[in-house]
Amino acid sequence: MWLAGMAVNSTSQLFKSLLVTSELIDGQNRGRLASSSLYDICTRIHRISLGTSFWPGEQLQHSSFSGSAKHEKHRNLSLVCVSNMREFDQTALVSAGKYLQNASTISEAISLVKKHLHQGSTIDSYMYVDVLQRCFKHKDLTSVKQVHDCILKSGMDQNPYVANKLMRVYIRCGKVQDARHVFDKLVKKNVFNWTTMIGGYAEHGRPADAIEVYNQMRQEGGRPNEVTYLSILKACACPVGLKWGKEIHAHISHGGFRSDVPVQTALVNMYAKSGSIKDARLVFDEMAERNVITWNVMIGGLAQHGFGQEAFSLFLQMQEEGFVPDSTTYLSILTATACSSAGALGWVKEVHRHAVKAGFDSDMRVCNALVHVYSKSGSVDDARLVFEGMLDRDVISWSAMIGGLAQNGCGHEAFSLFLKMQREGVIPNVTTYHGCGQEAFSLFLRMRREGVVPDAITYMSILNASASTGALGWVKEVHRQAVQAGLDSDVRVGNALVHMYCKTGSISDARLMFDGMVERDVITWTAMISGLAQNECGQEAFSLFLQMQREGFIPVATTYASILNVCTSTGLAMVEEI
DNA sequence: TTAGGGTTAG
């Protein structure tokens, strides 16, 4: 590079040029310097003053400046230089990373980087971090690959900032393996790099890999900090993570993070999510200091384990201790699991009253949760009231209401709402269709409760009596719309349709749907097998049962129940094979 | 300049 008219290719040359530079910047010559050169000068000088590495591939420590009068002189000079041009220096530093500010798009920014690379100009870490940040925002994988290529060409792949940002972008784009590749190539890894890799695995539900990296970090002498612990605990917050989570707990206690509120909160969360709600409570109770998030985690954990009443007590207690519940508190306490238990309606109403008083009744997410839990706890009227009172509704609101009506035996109203929703321009999503599938099933169960023999014709007659559209026609209509919306390839929608066709007695439609599915899971196979079994197609059900296992699917209890029903009517020979 | 605890529908 050229600095103040001198060719600068090394640290010592930069030192030499400082004097000339300071004069140029300090004098009337400021305007004669190109802005990019000024930017370069400022960042480099600033980094000299900080005593950090500033030359690609060169490890410059603070101590490099001390020990010799010459270096000390240069250091002082740089500091004088920085203070003399403080105003300019700050401007330059604010614009650090905004070097590409003239580029309005990612491709423009990349073109600039490529141009610099082509011209042999220095591209520093700020510039790469800037362009990578743009890729991060837009989840633009194609651009990331291009930038990665430039990084390799300019030999910046070992820069900890650049490598870290690159890893983060890959992780965000779902390319954890690519992030791992960057990580593995890093000769020297800092705590950010370790933490990013662990966090990446946590984000993608890969606890075993996260633990592997965490253990490697410790073996190589890396010292986890509070953020590392937050990341590894997040990875372990699942049933298989419990055994590792307990080990991490011990490390945290020995490592002096006992009073760190976020780390302790993450521990509570890890225990709650991995199924050990007792340990979660133990950690929670032992905490000397808590914040709203801590309370939310504990309340949510209890609610998700079905302890609605306990969650509600804690909800009251947090307020007695002076904490103000936020929208997350309401979302955490109002979970379906907690609210489907007997007697839940009472405290759900109480939570609702609190929410109104605190002004959260205008929060769409809180209202959605209320619609859902009122339906779950059996009060579709309350659900309807909340739904009707909402000023804004999204697809979740509609799906919650439709599903709620369906589950509470208001199938016709659910379907009308489904049509109304589309008239109002709201596009149904997978869940909406799933809710409609539930409607068919709940109606089926209702008929069974009413003593209807599961004969397809009788079944359809009763459906016709309760829904003017007619069950099969209705199912076909939903199916048509799902195809139109491109949602029929979704395995959950496909499963619901197979299920619905079976329940309406149209086994051929069910089979057609089943055969056409690109992706199947154990639910698909079970729905089809049980449909065939219930429609007196025992032989077909059995051969499908064998086929599913040949294709590597493991039958679940419901699959066996269906196939055993077949055996009672077709002979015992099959039982031995099962 | 780089890592970050909790969040509603199915």
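A, B, ... follow the sequence lines: proteins, then strands. Residue 1 opens every chain. Since the structure is predicted, the reported quantities are computational estimates derived from the model, not experimental observations.
Computed from coordinates, the A/F183 CZ to B/dT2 C1' distance equals 14 Å when rounded to whole Å. Atom-to-atom, CG of A/N190 to P of B/dT1 comes out at 14 Å; the value is rounded to the nearest Å. For the pair A/R365 CZ and B/dG6 P, the interatomic distance rounds to 14 Å; values are reported in whole Å. A/I299 has its CD1 atom 16 Å from the P atom of B/dG6, to the nearest Å. In this structure, CD of A/Q158 is placed 20 Å from P of B/dT2, rounded to the nearest angstrom. Atom CE in A/M401 sits about 20 Å away from atom P in B/dT8, given to the nearest Å. Straight-line distance from the OH atom of A/Y271 to the P atom of B/dG6: 17 Å, rounded to whole Å. With rounding to whole Å, A/M270 atom CE is found 20 Å from B/dG4 atom P.
Nearest nucleotide to the A/V129 side chain, out of B/dT8, B/dG5, B/dT2: B/dT2. Of the listed nucleotides (B/dT8, B/dG5, B/dT1), B/dT8 has the atom at the smallest distance from the side chain of A/L331. Of the candidate nucleotides B/dA9, B/dA3, B/dG5, B/dA9 has the atom lying nearest to any side-chain atom of A/I396. Checking B/dG5, B/dA3, B/dT1 against the side-chain heavy atoms of A/Y126 singles out B/dT1 as nearest. Between B/dA3, B/dG6, B/dT1, one nucleotide has an atom nearer to the side chain of A/N296 than all others, and that is B/dG6.
Centroid-to-centroid, the aromatic rings of A/F315 and A/Y330 come within less than 6.0 Å.
Residue A/H372 has a polar side-chain atom (N or O) positioned under 4.0 Å from OP1 or OP2 of B/dA9. Phosphate contact (OP1/OP2 of B/dG5, side-chain N/O of A/N269, threshold under 4.0 Å): absent. One finds a side-chain N or O of A/K234 lying less than 4.0 angstrom from the OP1 or OP2 phosphate oxygen of B/dG5. A close approach under 4.0 Å does occur between a side-chain nitrogen or oxygen of A/K273 and OP1 or OP2 of B/dT7.
The base of B/dT2 lies outside donor-acceptor range of the side chain of A/R168, with no N or O pair under 3.5 Å. A donor-acceptor contact under 3.5 Å is formed by the side chain of A/N225 with the base of B/dA3. With hydrogens and angles ignored, a donor-acceptor pair under 3.5 angstrom links the side chain of A/S125 to the base of B/dT1. Side chain A/D326 to base B/dG6: a donor-acceptor pair is found below 3.5 Å.
For the residue pair A/N193 and A/T196, no side-chain donor N or O sits within less than 3.5 Å of a side-chain acceptor on the partner.
Judged by centroid separation below 5.5 Å and plane tilt below 30°, A/Y161 stacks onto the base of B/dT1.
At a threshold of 4.0 angstrom between heavy atoms, the contacts of A/V268 with the nucleic acid are absent. Residue-level contact check: A/N159 touches neither bases nor backbone, having no heavy atom under 4.0 Å from any strand. At a threshold of 4.0 angstrom between heavy atoms, the contacts of A/I293 include nucleobase atoms, whether or not backbone atoms are also involved.
Ion pairing of A/D157 with A/K185 is absent here, as no side-chain N (NZ or NE/NH1/NH2) approaches a carboxylate O to less than 4.0 Å.
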Test log, rule salt bridge (Lys or Arg N to Asp or Glu O under 4.0 Å), inputs A/D209 and A/R206:
CA-CA 6 Å; A/D209 292 312; A/R206 291 170 59 174; 2.8 Å; yes
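Surrounding CG of A/D184 are more than 12 heavy atoms belonging to other residues, nucleotides or ligands, all under 6.0 Å away.
A search for side-chain hydrogen bond (donor to acceptor under 3.5 Å, both in side chains) contacts involving A/H249 returns A/Y271, not counting sequence neighbours.
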